[in-house]
Amino acid sequence: MAAGPAPEARSLMDEQTFLDNFNNLKYPRKTYLCYKVERLVGENSIPVDEYKGFLRNESSPRRWERRHAEPIFLERMASWNLDTELRYRITVFISWSPCPECADELVKFLRENRHVKLRIFAARIYDWYQGYEAGLRALKAAGAEVAMMTFQEFEYCWKNFVDHQQDEDKPFPSWDNLVVRSEELSQRLAGILQNREE
DNA sequence: ATTTTCAAT
């Protein structure tokens with residue numbers, strides 16, 4: 001059989017990968033990032049489906065080879081060469097919120113790409129590194145929308161970024177305490193973004 | 001109730 005088209009990074013993830021990594025009560029040691037792009041025209045937004053997909057961080061026993069999901073995503077965005085004469089909204093669903101360093105890189109991107117609006121929905125708050133709160137605030141100050149994923153976003157991702165094989169209409173299975181946890185995290189994020197953590 | 005944090009022996 002002739003070789004088919006080179007399978008680019010698959011644009012749909014396995015069900016179990018999604019459920020394991022986006023569960024907002026778990027603490028997986030990896031990060032997945034789903035993204036979609038829309039063109040903003042007046043009051044309307046037009047999906048740009050060729051720029052839709054997901055990626056994950058790159059891990060390695062060698063520190064210098066490890067990459068967080070965000071720099072990989074920034075590289076991917078750069079490769080799109082989005083028309084600077086047009087306006088776009090990029091929505092990101094990320095399983096861990098950006099660390100301070102990645103937040104800074106995203107802020108830099110936003111300063112250099114004023115035609116792009118960025119929305120970030122995070123499943124969980126990545127509070128491992130000192131300064132994570134400031135990083136999130138910097139993103140907001142740079143014009144990014146930062147929010148926790150709610151049931152709506154989890155379901156949206158399930159429908160749009162997950163491979164359901166033959167069963168296209170498979171409903172989002174949810175998990176215990178998804179909503180309660182999401183609300184807790186949203187409260188906490190609100191405090192962080194107001195500079196009143198805890 | 002609280003626990004795992006973009007790993008690596």
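Residue numbers begin at 1 in each chain, while the letters A, B, ... track the order of the sequences.
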Residue closer to the 5' end of DNA chain B, Asp127(A) versus Arg63(A) (nearest nucleotide):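 Its nucleotide being nearer the 5' end, the pick is Asp127(A).
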Phe93(A)-Leu25(A) co-clustered via ILVMFWY side chain contacts under 4.5 Å: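 In one cluster: yes.
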Give [X] one of three labels, base, sugar-phosphate or nothing, depending on what nucleic acid heavy atoms sit under 4.0 Å from its own.
{"X": "Cys99(A)", "answer": "base"}
{"X": "Ser95(A)", "answer": "nothing"}
{"X": "Glu58(A)", "answer": "sugar-phosphate"}

Distance test, side-chain N/O of Asn57(A) to OP1/OP2 of dA7(B), below 4.0 Å: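 Yes, such a contact exists.
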Phosphate OP1/OP2 of dT5(B): any Tyr126(A) side-chain N/O under 4.0 Å: no
What's the [atom1]-[atom2] distance between [X] and [N], to the nearest Å?
{"X": "Asn23(A)", "N": "dT4(B)", "atom1": "CG", "atom2": "P", "answer": "15 Å"}
{"X": "Tyr27(A)", "N": "dT4(B)", "atom1": "OH", "atom2": "P", "answer": "6 Å"}
{"X": "Trp96(A)", "N": "dT5(B)", "atom1": "CH2", "atom2": "C1'", "answer": "4 Å"}
{"X": "Arg62(A)", "N": "dC6(B)", "atom1": "CZ", "atom2": "P", "answer": "18 Å"}
{"X": "Tyr129(A)", "N": "dC6(B)", "atom1": "OH", "atom2": "C1'", "answer": "8 Å"}
{"X": "Phe22(A)", "N": "dC6(B)", "atom1": "CZ", "atom2": "C1'", "answer": "12 Å"}
{"X": "Gln130(A)", "N": "dT5(B)", "atom1": "CD", "atom2": "P", "answer": "16 Å"}
{"X": "Asn21(A)", "N": "dA7(B)", "atom1": "CG", "atom2": "P", "answer": "12 Å"}

Flag for Glu153(A)-Thr150(A): side-chain donor and acceptor within less than 3.5 Å: yes
Side-chain H-bond candidate by donor/acceptor type, Tyr51(A) with Arg76(A), under 3.5 Å: no
Aromatic contact, His68(A) with Trp96(A) (centres under 6.0 Å):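 Not close enough - the centres of the two rings lie 6.0 Å or further apart.
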Integer angstrom distance from the C1' of dC6(B) to that of dT2(B): 23 Å
Integer angstrom distance from the P of dT5(B) to that of dA1(B): 22 Å
Reported CZ-to-CZ distance for the pair Phe22(A) and Phe161(A), which is rounded to 0.5 angstrom: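 These two atoms lie 8.5 Å from each other.
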